[in-house]
**Student:** 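Sharing a structure with you now.
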Amino acid sequence: GWGGTASAMAAGFVRELERRDGSALRLEQRLAGGVGCVVWDAALVLAKFLESGACPLARRHVLELGAGTGAVGIMAATLGANVTVTDLEELQELLMVNIEHNRHLVTGSVRAKVLKWGEDVTEFQPPPDYILMADCIYYEESLGPLLKTLKDLTGPDTCILCCYEQRTMGKNPEIERKYFELLQRDFELEKIPLEKHDEEYRSEDIHIVSIHRRQ
């Protein structure tokens, strides 16, 4: 199958993500530097969902949070979106490398920027049409800053697509529950049914939620 345990992959391993037209995104991964550096299954599911065309991306402004390798944002850029992939300072070099690897497939635009959750987001205004997030919920201490960033970034028409793998280990279920509870104070959530996911890149325990500001 397409899924895999990210941690078992060798450092410097290039992950190819097949596109519908037969071309492939080439995504370099790093194992040094923790979680942000491999292509997680939720990122693959979200990237392939975008490719299904359910959300019109051409000429739309798209921001990816916690982009890691940039897989999701770069896929959006190959679908005509103007994308800013964001993550911490230490992931910028990997993001740039992956943008370069795939520039020939980009029909919109893509750039990488540093965005620390909870900090000022003035430079990312006006609000994007889409905010993309794959597997961004794993630390309890990051929930507050992440929610602040989502509130600061979203306008009334912004659609947040959040894809996450439901994990049953340790504190994960509790953190997940808390995240969605806090999110619902300001946002409306709608789960995208599994049959709308890519035919191959889907899994019972990977969910995509579409999120909008409450009016």
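Sequence positions, counted from 1, serve as the residue numbers for this chain.
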**Student:** Shortest non-hydrogen contact from Leu95 to Gly68?
**Tutor:** CD2-O, 3.1 Å
**Student:** My understanding is that only residues two or more places apart in sequence, or in another chain, count here; which of them pass side chain to side chain donor-acceptor pair (under 3.5 Å) with Glu100?
**Tutor:** Arg103
**Student:** What do the steps show when you test Asp198 against Leu44 for side-chain contact (heavy atoms from CB on, under 4.5 Å), and what is the final call?
**Tutor:** CA-CA 10 Å; Asp198 181 86; Leu44 298 172; over 6 Å; no
**Student:** Which pairs, with at least one residue in residues 153-200 and sequence neighbours excluded, count as a ring-ring contact (aromatic ring centres under 6.0 Å, His included)?
**Tutor:** Tyr164-Phe180, Tyr164-His207
**Student:** Thr158 and Pro128: which non-hydrogen atoms are nearest, and at how many Å?
**Tutor:** OG1-O, 2.8 Å
**Student:** Which residues pass the side chain to side chain contact (heavy atoms under 4.5 Å, CB included) test with Arg185, not counting sequence neighbours?
**Tutor:** Leu182
**Student:** Can you list every salt bridge (charged side-chain N to carboxylate O under 4.0 Å, His left out) pair that touches residues 116-130, not counting sequence neighbours?
**Tutor:** Lys113-Glu123
**Student:** How about Leu183 and Leu189: do any of their side-chain heavy atoms sit closer than 4.5 Å?
**Tutor:** yes
**Student:** Any chance you could lay out the side-chain contact (heavy atoms from CB on, under 4.5 Å) test for Val97 and Glu93, step after step, and finish with the verdict?
**Tutor:** CA-CA 6 Å; Val97 165; Glu93 188 249 342; 3.8 Å; yes
**Student:** Any salt bridge (charged side-chain N to carboxylate O under 4.0 Å, His left out) involving residues 132-142? Give me the pairs, sequence neighbours left out, ordered by first then second residue.
**Tutor:** Asp135-Arg167, Glu140-Lys171, Glu140-Lys178
**Student:** Is there any salt bridge (charged side-chain N to carboxylate O under 4.0 Å, His left out) pair reaching into residues 147-161, and which pairs are they, with sequence neighbours excluded?
**Tutor:** Lys148-Asp152, Lys151-Asp186
**Student:** Who pairs with His61 by side chain to side chain donor-acceptor pair (under 3.5 Å), at least two apart in sequence or on another chain?
**Tutor:** none
**Student:** I'd like to know if Trp117 and Val121 are part of one continuous hydrophobic network [Ile/Leu/Val/Met/Phe/Trp/Tyr, side-chain heavy atoms within less than 4.5 Å].
**Tutor:** yes
**Student:** Side chains of Cys159 and Ile211, heavy atoms from C-beta outward: is any pair under 4.5 Å?
**Tutor:** no
**Student:** Donor-acceptor check, side chain of Arg30 to backbone of Leu91, threshold 3.5 angstrom: yes or no?
**Tutor:** no
**Student:** Is the closest side-chain heavy-atom distance between Leu150 and Leu65 below 4.5 Å?
**Tutor:** yes
**Student:** Could you pull out all residues at least two apart from Glu181 that satisfy salt bridge (charged side-chain N to carboxylate O under 4.0 Å, His left out)?
**Tutor:** Arg177
**Student:** From Glu176 CD over to Glu174 CD, what is the distance, rounded to the nearest 0.5 angstrom?
**Tutor:** 11.5 Å
**Student:** List the atom pairs, donor and acceptor, that lie under 3.5 Å between side-chain atoms in residues 45-58 and the rest of the protein, sequence neighbours left out.
**Tutor:**
from: Lys48; atom 1: NZ; to: Glu18; atom 2: O; distance (Å): 2.7
from: Lys48; atom 1: NZ; to: Glu51; atom 2: OE1; distance (Å): 2.9
from: Glu51; atom 1: OE2; to: Arg20; atom 2: N; distance (Å): 2.7
from: Ser52; atom 1: OG; to: Phe49; atom 2: O; distance (Å): 2.5

**Student:** Taking the side chain as every heavy atom from C-beta outward, state whether His212 and Ile160 have any atom pair closer than 4.5 Å.
**Tutor:** no
**Student:** Would a hydrophobic clustering, with Ile, Leu, Val, Met, Phe, Trp and Tyr connected at side-chain separations under 4.5 Å, put Val106 with Leu79?
**Tutor:** yes
**Student:** Just so I know, are the side chains of Leu27 and Asn102 near enough to count as touching, which here means a heavy-atom distance under 4.5 Å?
**Tutor:** yes
**Student:** Which pairs pass salt bridge (charged side-chain N to carboxylate O under 4.0 Å, His left out) with one or both residues in residues 53-75, sequence neighbours excluded?
**Tutor:** none
**Student:** Between Ile137 and Trp40, is there shared hydrophobic-cluster membership here, with clusters defined by ILVMFWY side-chain heavy atoms closer than 4.5 Å?
**Tutor:** no
**Student:** Side-chain contact test, heavy atoms from C-beta onward, threshold under 4.5 Å: evaluate it for Tyr130 versus Leu63 and give yes or no.
**Tutor:** no
**Student:** Any donor-acceptor pair under 3.5 Å linking the side chain of Gln29 with the backbone of Val39?
**Tutor:** yes
**Student:** Determine whether a donor-acceptor pair (N or O, by modelled atom type, separation under 3.5 Å) exists between the side chain of Gln92 and the backbone of Asp87.
**Tutor:** yes
**Student:** When you measure from the side chain of Thr86 to the backbone N and O of Leu115, does any donor-acceptor pair fall under 3.5 Å?
**Tutor:** no
**Student:** Flag the pair Val62 / Asn82 as yes when at least one side-chain heavy-atom distance between them is below 4.5 Å, and no otherwise.
**Tutor:** no
**Student:** Same hydrophobic cluster for Leu161 and Met133, using side-chain heavy-atom links shorter than 4.5 Å among ILVMFWY?
**Tutor:** no
**Student:** Roughly how far, to the nearest 0.5 Å, is CG of Asp205 from CG of Asp41?
**Tutor:** 9.0 Å
**Student:** I need the minimum non-hydrogen distance between Leu146 and Cys136, along with the two atoms involved.
**Tutor:** CD2-O, 4.1 Å
**Student:** Leu17, Ile208: one ILVMFWY side-chain cluster at the under-4.5 Å cut-off?
**Tutor:** yes
**Student:** Of all the heavy-atom pairs spanning Ser210 and Ile192, show the shortest one and how long it is.
**Tutor:** CB-CD1, 4.1 Å
**Student:** Do Thr149 and Leu147 make a side-chain contact, defined as non-hydrogen atoms from C-beta onward lying under 4.5 Å apart?
**Tutor:** no
**Student:** Applying side-chain hydrogen bond (donor to acceptor under 3.5 Å, both in side chains) to Thr69 and Asn98, what does each step give before you reach the verdict?
**Tutor:** CA-CA 7 Å; Thr69 63; Asn98 283 335; 4.7 Å; no
**Student:** Quick check: closest heavy atoms across Leu194 and Ser203, and the distance to 0.1 Å?
**Tutor:** CD1-O, 3.6 Å
**Student:** Check Val110 against Ala77 and note the closest heavy-atom contact, atom names and distance.
**Tutor:** CB-CB, 3.8 Å
**Student:** So, using side chain to side chain donor-acceptor pair (under 3.5 Å) as the criterion, who are the partners of Thr78 when residues are at least two apart?
**Tutor:** Arg19
**Student:** I'd like to check the side chain to side chain donor-acceptor pair (under 3.5 Å) partners of Ser142; sequence neighbours left out, ordered by chain and number.
**Tutor:** none
**Student:** Does Gln125 have more than 12 heavy atoms from other residues, nucleotides or ligands lying within 6.0 Å of its CD?
**Tutor:** yes
